[in-house]
Amino acid sequence: MTTIKISNDDYDSPWKDILEAYFREFMKFFFPVAHDGIDWSRKYEFLDKEFQKIVQDAETGRRLADKLVKVWSIDGEEVWVLVHIEVQGHREKDFAKRMYTYNYRIFDRYDRPVVSLALLTDDNPAWRPDSYGYELWGCRALLEFPMFKLIDMAKQLSTLEENKNPFAVCTLAHFKAMETTHSPVDRKKWKYNLTIGLYKRGYSREDIIKLFSFIDWIMSLPDELEANFLEEIYRYEEEYKMPYVTSAERMGIQKGIQQGLQQGLLQEAREMVLDAFDAKFGRVPSYVQEKVGVMTDREKLKHIHRIVVRAKSLEEVEREITWN
């Protein structure tokens, strides 16, 4: 079970998407011991819907996005790896308890070893949960799980610039996004540097598009600065004849920069909301499909997504969301 915690509520979807796109690289970058125990010649499988059914009634705090991955160990055994992605910027008292609860629920469901891992991206250096258990009258239950604290890499950013693992880029983008929360001009500079760095690292066109999507999401800019940023990227791509990002029509990046709107990411946000309804409540009400389908405010879509994943009932969602 791998938990990714990020110190901003808006950062859940890009981490979830990039983890699924580069699961092997994620394991190698953050959990090399577990990575080396997996037989990567065999296909791994994400089981998101199965996981939702297992934990949907667990009263163990809020969950923003979850992934259950079936892998094969190098000794030929099936191993179930739970990847629980939660975007949260502060210490949570019951985090380790939730790790314990999800671990035993998955074990009970599949009768297979469950590997629990925690990647914590909050900014509290003292909060390092890595176990949960209890003991009474000689009976003891305990889960100890490997934990990686992202903040520990804050002093190693220069080494990340040379590392070609996609999660080196994601980690850099994460730190720079948080560092520039109150400085859009500095954020634009770093967003440009990180995007240009994708080309300089020698990534393929497909990798550049995926990683740019991650950078673009967590380093959002005001419309005017976003337009300037895209203009600078256009010029760079034209100079070096690498029209990967700006000509990526399949991502739907709208070239009408007057509006500063990236249509592909807007559609991605819509799908994220609909998927959240389906995963949480087993259905997407028709009125929700209609409302979401015409929404053009990506920030509001992300806000709705957060409400859905935190809510305990559809009625609670309807009370909190203002569609107009």
Worksheet, complete the sentence: Sequence neighbours excluded, the answer for side-chain contact (heavy atoms from CB on, under 4.5 Å) partners of Pro129 is Phe95, Ala96, Leu120, Trp127

Discussion item. Tell me every residue that passes side-chain contact (heavy atoms from CB on, under 4.5 Å) with Tyr236, counting only those two or more places apart in sequence or in another chain.
Written reply: Tyr192, Ile196, Tyr199, Lys200, Tyr240

Worksheet item: Taking side chain as C-beta onward, heavy atoms only, is Ile307 less than 4.5 Å from Glu316?
Response: no

Worksheet item: Do Leu143 and Tyr104 share a hydrophobic cluster, counting only Ile, Leu, Val, Met, Phe, Trp and Tyr and linking them when any side-chain heavy atoms are less than 4.5 Å apart?
Response: yes

Worksheet item: Less than 4.0 Å between a side-chain N and a carboxylate O, is that true for Lys210 and Glu206?
Response: yes

Worksheet item: Mind checking whether Tyr100 and Tyr134 have side chains closer than 4.5 Å, heavy atoms only?
Response: yes

Name each donor-acceptor pair under 3.5 Å that joins a side chain in residues 19-38 to protein atoms two or more places apart or in another chain, with its distance.
{"unit_1": "Glu20", "atom_1": "OE1", "unit_2": "Lys67", "atom_2": "NZ", "d": "2.4"}
{"unit_1": "Tyr22", "atom_1": "OH", "unit_2": "Asp207", "atom_2": "OD1", "d": "2.6"}
{"unit_1": "His35", "atom_1": "NE2", "unit_2": "Trp40", "atom_2": "NE1", "d": "3.4"}

Worksheet item: Excluding sequence neighbours, so at least two apart, what forms side-chain contact (heavy atoms from CB on, under 4.5 Å) with Glu271?
Response: Gln267

Worksheet item: Of the non-hydrogen atoms in Arg42 and Gly76, which two are nearest, and what is the gap between them?
Response: NH1-O, 4.4 Å

Worksheet item: Once you round to the nearest 0.5 Å, how far does CG of Leu68 lie from CZ of Arg109?
Response: 10.0 Å

Discussion item. Going by the rule salt bridge (charged side-chain N to carboxylate O under 4.0 Å, His left out), which residues pair with Glu45 if we only count those two or more places apart in sequence or in a different chain?
Written reply: Lys70

Worksheet item: When hydrophobic residues are tied together by side-chain contacts of less than 4.5 Å, even through go-betweens, does Val81 share a cluster with Ile74?
Response: no

Item to complete: List for me each residue that meets salt bridge (charged side-chain N to carboxylate O under 4.0 Å, His left out) alongside Asp278, sequence neighbours excluded, and say none if there are none.
Response: Lys49

Response to the item:
Rounding to 0.5 Å, atoms CG (Leu157) and CZ (Phe175) come to a distance of 6.0 Å

Item to complete: May I have the step-by-step check of side chain to side chain contact (heavy atoms under 4.5 Å, CB included) for Val69 and Leu47, ending in yes or no?
Response: CA-CA 6 Å; Val69 189; Leu47 303 171; over 6 Å; no

Practice prompt. Without swapping roles, check the side chain of Ser213 against the backbone of Ile209 for a donor-acceptor pair under 3.5 Å.
Written response: no

Item to complete: Check the side chains of Glu318 and Tyr287 for a donor-acceptor pair under 3.5 angstrom, ignoring hydrogens and angles.
Response: yes

Response to the item:
Value for CG (Asp275) from NE2 (His305), rounded to nearest 0.5 Å, stands at 8.0 Å

Worksheet item: Is the shortest heavy-atom distance from the side chain of Val317 to the side chain of Phe277 under 4.5 Å?
Response: yes

Worksheet item: CZ/Phe229 to CG/Asp216 distance, rounded to the nearest 0.5 angstrom?
Response: 6.5 Å

Worksheet entry | Heavy-atom pair of closest approach, residues Val79 and Ser73 | CG2-CB, 3.8 Å

Practice prompt. Can you sort out the partners of Glu232 under salt bridge (charged side-chain N to carboxylate O under 4.0 Å, His left out), two or more places apart, ordered by chain and number?
Written response: Lys188

Worksheet entry | Residue pair Lys189, Asn193: steps toward the side chain to side chain contact (heavy atoms under 4.5 Å, CB included) verdict | CA-CA 6 Å; Lys189 179 187 73 173; Asn193 291 340; 3.9 Å; yes

Worksheet item: Do Met272 and Leu301 come close enough that some side-chain heavy atom pair is under 4.5 Å?
Response: no

Worksheet item: Under 4.5 Å between side-chain heavy atoms, hopping through other hydrophobics if needed: is there a path connecting Phe107 to Trp72?
Response: no

Worksheet item: Any Lys/Arg nitrogen of Lys176 or Glu179 sitting under 4.0 Å from an Asp/Glu carboxylate oxygen of the other?
Response: yes

Discussion item. Would Lys164 and Tyr203 count as a cation-pi pair here, with the cationic atom under 6.0 angstrom from the ring centre and within 45° of the axis?
Written reply: no

Item to complete: List the steps, then state whether side chain to side chain contact (heavy atoms under 4.5 Å, CB included) holds for Ser220 with Arg187.
Response: CA-CA 8 Å; Ser220 59; Arg187 174 170 288 192; 4.2 Å; yes

Worksheet item: Distance from Ile218 atom CD1 to Ile18 atom CD1, nearest 0.5 Å?
Response: 10.0 Å

Worksheet item: Do Leu198 and Ile215 come close enough that some side-chain heavy atom pair is under 4.5 Å?
Response: yes

Worksheet item: Is a side-chain donor or acceptor of Arg270 paired with a backbone partner of Met295 at a separation under 3.5 angstrom?
Response: yes

Practice prompt. Under the side-chain contact (heavy atoms from CB on, under 4.5 Å) rule, collect the residues that match up with Gln289, sequence neighbours excluded.
Written response: Leu274, Val284

Worksheet item: Would you call Glu144 and Ser116 a side-chain contact if the rule is heavy atoms closer than 4.5 Å?
Response: no

Worksheet item: OG/Ser204 to CG/Leu211 distance, rounded to the nearest 0.5 angstrom?
Response: 9.0 Å

Item to complete: Compare all side-chain heavy atoms of Leu150 with those of Thr171 and state whether any distance is below 4.5 angstrom.
Response: yes

Worksheet entry | SB check Glu226 Lys191 (cutoff 4.0 Å) | yes

Worksheet item: Side chains of Val308 and Phe281: closer than 4.5 Å at any heavy-atom pair?
Response: yes

Fill in: Sequence neighbours excluded - side chain to side chain donor-acceptor pair (under 3.5 Å) pairs with any residue from residues 146-157
Asp122-Lys149, Arg128-Asp152

Practice prompt. Could you verify whether a donor N or O on one side chain and an acceptor N or O on the other, from Thr180 and Asp186, lie under 3.5 Å apart?
Written response: no

Item to complete: Give me the other members of the hydrophobic cluster that Ile151 sits in, counting Ile, Leu, Val, Met, Phe, Trp and Tyr linked by side-chain heavy atoms under 4.5 Å, directly or via other members.
Response: none

Response to the item:
Taken in chain and number order and not counting sequence neighbours, the residues that satisfy salt bridge (charged side-chain N to carboxylate O under 4.0 Å, His left out) with Arg112 are Glu78

Worksheet entry | Test log, rule side chain to side chain contact (heavy atoms under 4.5 Å, CB included), inputs Arg319 and Glu315 | CA-CA 6 Å; Arg319 287 196 303 269; Glu315 290 72 21; 4.1 Å; yes

Worksheet entry | Connected hydrophobic set around Leu136, excluding itself, where side chains approach under 4.5 Å | Trp137

